[in-house]
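These notes concern the structure reproduced below.
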Amino acid sequence: MMDSQENTLEVGKNEELNVVENTVETTETTVVQDETPQVENENKADDTATDATPEAQEESTKKVYTSKQEVLDRVKEIAHSDETPKKDEVDSLKTAFYKLHIAEREAAFKAFIDGGGDPEKYQLLPDETEEAFKAEMSIIKDKRTQIFKEQEAEKEENMKRKLEIIEKIKSMVTSPEEANKSYQEFKSLQQEWKEIKNIPAPKANEVWRSYQLYVEQFYDMLKLNSEAREYDFKKNLELKTRLCEAAEKLADEEDLISAFHQLQKLHQEYREIGPVSKELREEIWTRFKAASTVINKRHQQHFEELRAKEEENLARKTALCEKVEAIAAAENKGSGDWEKHTKEIIEIQTEWKTIGFAPQKMNVKIFERFRATCDDFFGRKAEYFKTQKDKFKENVEHKRALIEKANELKDSTDWKSTSDKFIALQKEWKTIGMVPKKLGDQLWEEFLGACNHFFEARNAANAGQRSEEHANLEKKREVIAKLKALAEEPGNNAQEAAQKLVEEYNGIGHVPFKEKDKLYDEYHAALDKLYKELNVSVARRRLSNFKNKLKNVAEQGEAALDNERSRLMRQYEAIKSEVQTYENNLGFLNASSKKGNSLIDEMNRRVQKLKDDMNLVREKIKAIDAENREK
């Protein structure tokens with residue numbers, strides 16, 4: 001029984017949170033307003049060694065890892081090869097490793113608790129795989145840092161070369177008489193400019209505008225024949241038109257992140273193409289900018305929707321935190337409450353796992369709030385059942401001691417004295433708390449067997465009394481028949497007649513043991529029906545009888561009243577203890593089976609009857625107190 005009640009913690013406790021649920025941050029995109037295309041980041045083409053954008057992280061395809069060793073092998077491969085580490089993959093590997101790592105720790109803690117371990121004494125063991133993982137990640141970090149430095153140095157060198165090209169074109173612009181002769185050199189400088197890759201982002205737009213300014217000035221002052229000039233303008237227009245078409249086609253791209261990055265590359269190509277004729281410059285740029293605006297707006301809307309979803313997830317997770325906190329704060333009166341609340345919390349944990357990420361700033365906080373509440377509940381549950389095991393052990397030892405006493409008494413022929421002792425043992429048995437069900441049934445059979453052995457022997461010895469008991473049985477049945485008849489036609493003096501019949505019934509001696517319970521039920525059923533017709537409850541009837549007898553006791557003196565009051569107080573406390581025992585036992589019954597439900601119903605009826613008896617005893621005590629005040 002205990003094994004089914006001591007569920008393992010759904011959430012492991014006392015661990016450092018090494019990995020959190022990542023969320024996607026978005027970058028703002030702006031629509032370029034000036035005549036020339038705005039370069040958002042000239043370094044977009046090569047970001048493998050720098051922080052990848054959240055869009056790139058979402059775009060990347062993540063492999064599913066099933067073991068920490070598998071993750072470690074991939075990390076080693078990246079660390080010790082010529083492969084350039086990609087931030088999104090490295091972050092994904094780190095997340096996968098620590099999710100598996102935490103799952104292993106929680107499983108170990110669960111096994112420790114299932115084995116009866118004390119949560120306070122649980123210790124985390126060193127993990128060699130984790131240490132190896134950290135070492136390899138450190139190598140990757142150094143590797144990425146070195147690549148970043150090399151790229152930054154290359155960008156500085158590229159900017160230096162581009163500035164030199166600008167200066168050369170600038171000098172050509174200041175010598176218009178040499179423009180025709182410088183045309184081929186100018187074309188070579190343009191080609192060289194295109195071949196130079198990224199430069200530092202803060203300077204990208206400024207350098208490009210300066211370059212474009214002097215290129216246009218060169219064309220404007222170039223004294224070439226109209227054919228050459230028109231040929232360049234026409235070729236540039238064709239190239240820019242194709243870029244406009246490509247940008248417009250991106251509006252149909254389903255993958256918004258991919259479309260955004262493709263647009264950045266188109267911007268890079270656009271700015272490297274030379275000018276078109278003056279009358280078409282504004283038109284072609286407006287077309288390209290309009291296509292860019294469509295992609296930027298879709299990109300921005302996508303991440304606004306993501307942020308709205310994260311806020312919704314935060315609200316749902318906050319509501320679940322409040323639910324689990326209310327359950328954890330509720331009182332647990334017994335194992336039934338613990339199991340009920342455990343089931344509710346596990347259902348909430350299952351729902352939690354279906355909810356996506358919350359905003360990044362709140363994601364870890366809300367998870368820690370939820371986890372702390374679960375840890376507290378399951379820790380207290382484990383301690384409760386550990387205490388219950390100790391209590392069960394004490395109860396088993398107590399019941400075994402009573403069985404030994406019963407076995408010592410079962411062969412006694414001192415019927416009166418031994419009967420009293422057996423009755424005392426049975427009462428004491430009822431005061432003992434719960435034990436595991438299977439063992440409890442076994443102990444009860446042993447105890448009941450010893451009791452039955454004695455009482456059957458006693459009944460056999462008292463066989464001579466049977467004829468008198470059968471005569472008493474017939475007399476009591478006659479009284480019951482009169483009570484039933486009186487219930488059908490009460491009459492004016494029904495109360496007085498009923499009282500006489502009750503006195504007559506009580507004056508009759510014992511009946512056969514096997515008929516006692518049946519006769520008792522028949523008698524009280526007749527009385528209940530009679531008093532129901534007379535609108536007098538059974539409790540008032542018993543109390544009335546007691547008050548009548550109390551006067552005889554009062555005539556014996558104040559000491560007799562005190563003795564009777566003490567006896568009733570002991571009876572009250574015994575019934576109260578029995579009620580508590582039944583209520584505790586109710587919490588451990590398995591109500592999932594038909595047999596369990598039947599037993600629970602019977603025990604509930606028994607508890608209610610005991611409570612009614614307690615109220616009657618309490619009224620009897622009040623009657624004695626009133627009699628004392630009168631004296």
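The first residue of the sequence shown is numbered 1, and numbering continues consecutively from there.
In this structure Glu253 satisfies the side-chain hydrogen bond (donor to acceptor under 3.5 Å, both in side chains) test with no other residue, sequence neighbours excluded. Partners of Thr286 under the side-chain hydrogen bond (donor to acceptor under 3.5 Å, both in side chains) rule, at least two apart in sequence or in another chain, are Glu282.
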Worksheet item: Given the rule in the salt bridge (charged side-chain N to carboxylate O under 4.0 Å, His left out) test, do Glu192 and Arg161 qualify, once you have shown the distances and angles that lead to the verdict?
Response: CA-CA 9 Å; Glu192 183 181 354; Arg161 290 175 61 192; 3.7 Å; yes
Worksheet item: What's the verdict on side chain to side chain contact (heavy atoms under 4.5 Å, CB included) for Arg316 and Glu351, showing C-alpha distance, side-chain angles and the deciding distance?
Response: CA-CA 10 Å; Arg316 291 179 62 191; Glu351 182 179 354; 4.2 Å; yes
Item to complete: Test salt bridge (charged side-chain N to carboxylate O under 4.0 Å, His left out) on Arg242 and Glu245 and set out the steps.
Response: CA-CA 5 Å; Arg242 284 202 294 269; Glu245 292 170 350; over 6 Å; no
Discussion item. Does Met172 form a side chain to side chain contact (heavy atoms under 4.5 Å, CB included) with Glu185? I'd like the steps, not just the answer.
Written reply: CA-CA 10 Å; Met172 292 178 182; Glu185 181 182 358; 3.2 Å; yes
Worksheet entry | Steps toward side-chain hydrogen bond (donor to acceptor under 3.5 Å, both in side chains) verdict (Gln300, Asn296) | CA-CA 6 Å; Gln300 183 65 22; Asn296 283 336; over 6 Å; no
Item to complete: Determine, step by step, whether Ile165 and Ile169 satisfy the side chain to side chain contact (heavy atoms under 4.5 Å, CB included) criterion, reporting the C-alpha distance in whole Å, the side-chain angles of both residues, the deciding distance to 0.1 Å, and the verdict.
Response: CA-CA 6 Å; Ile165 290 174; Ile169 295 175; 3.9 Å; yes
Worksheet item: Could you go step by step and tell me if Ile284 and Cys244 meet the side chain to side chain contact (heavy atoms under 4.5 Å, CB included) rule?
Response: CA-CA 8 Å; Ile284 194 66; Cys244 289; 3.8 Å; yes
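In this structure the side chain of Pro126 never reaches within 4.5 angstrom of the side chain of Glu131, judged on heavy atoms. Between Gln151 and Asn198, the closest side-chain pair of non-hydrogen atoms is not below 4.5 Å. Using a 4.5 Å heavy-atom cutoff, the side chains of Phe357 and Leu306 are not in contact. Looking only at side-chain heavy atoms (C-beta outward), Gln268 and Gln264 stay at 4.5 Å or farther from each other. In this structure, Ile366 and Trp352 have side chains that are in contact, with non-hydrogen atoms separated by less than 4.5 Å. For the pair Glu150/Glu154, no side-chain contact is recorded, criterion being any heavy-atom separation below 4.5 Å from C-beta on. A 4.5 Å side-chain heavy-atom check between Val324 and Phe377 finds every atom pair outside the cut-off. With contacts defined as side-chain heavy-atom distances shorter than 4.5 Å, the pair Thr241/Arg287 qualifies.
Distance check: Glu272 CD to Gln191 CD gives 10.0 Å after rounding to the nearest 0.5 Å. From Phe218, atom CZ reaches atom NZ of Lys170 across 16.0 Å, with rounding to the nearest 0.5 Å. Taking CZ from Arg144 and NZ from Lys86, the interatomic distance works out to 12.5 Å, rounded to the nearest 0.5 Å. Annotation: the span from Ile327 atom CD1 to Ile348 atom CD1 amounts to 3.5 Å, rounded to 0.5 Å. Between the NE2 atom of His101 and the CD atom of Glu130 there is a distance of 3.5 Å, given to the nearest 0.5 Å. Once rounded to the nearest 0.5 Å, the distance linking CG of Leu314 with NZ of Lys365 reads 11.0 Å.
The number of heavy-atom neighbours closer than 6.0 Å to NZ of Lys187, taken from other residues, nucleotides and ligands shown, is above 12. Heavy atoms of other residues, nucleotides or ligands lying less than 6.0 angstrom from CD of Glu128 number 12 at most. No more than 12 heavy atoms of other residues, nucleotides or ligands lie within 6.0 Å of NZ in Lys393, so this atom counts as exposed by the packing criterion.
No donor-acceptor pair under 3.5 Å is formed between the side chain of Asn313 and the backbone N or O of Ala358. Without hydrogens or angle criteria, Lys323 side chain to Glu344 main chain gives no donor-acceptor distance under 3.5 Å. Proximity of a side-chain donor or acceptor of Thr350 to a complementary backbone N or O of Ile346 within less than 3.5 Å is detected. Under a 3.5 Å cut-off, the side chain of Ser138 and the backbone N or O of Lys134 do not form any donor-acceptor pair. Between the side chain of Ser210 and the backbone N or O of Val207 there is no donor-acceptor pair closer than 3.5 Å.
Among all heavy-atom pairs drawn from Val90 and Met137, the shortest one is CG1-CE, 3.5 Å. Looking at every heavy atom in both residues, Asn236 comes nearest to Val276 through C-CG1, 3.9 Å. Across every non-hydrogen atom of Arg298 and Glu254, the tightest pair is NH2-O, 4.5 Å. Pairing each heavy atom of Pro85 with each of Ile147, the nearest pair is CD-CD1, 3.8 Å. For Phe303 against Ile257, the heavy-atom pair with the smallest separation is CZ-CD1, 3.4 Å. Pairing each heavy atom of Leu263 with each of Ser292, the nearest pair is CD1-OG, 3.5 Å.
Using the six-membered ring where Trp is involved, Tyr211 and Trp193 have ring planes that are parallel, under 30° apart on the 30 and 60° scheme.
Here Arg105 does not pair with Asp127 in a salt bridge; the nearest charged N to carboxylate O distance is not below 4.0 Å. Salt bridge annotation for Glu269-Lys240: absent, with no cationic side-chain nitrogen under 4.0 angstrom from a carboxylate oxygen. Ion pairing of Arg369 with Glu325 is present here, as a side-chain N (NZ or NE/NH1/NH2) and a carboxylate O approach within less than 4.0 Å. Using a 4.0 Å cut-off between charged side-chain N and carboxylate O, Glu152 and Lys149 make no salt bridge. By the 4.0 Å N-to-carboxylate-O rule, Arg74 lies close enough to Glu77 to be salt-bridged with it.
Aromatic pair Phe378/Trp338: ring centres not closer than 6.0 Å.
Between the side chains of Arg271 and His267, no donor-acceptor pair of N or O atoms lies under 3.5 Å.
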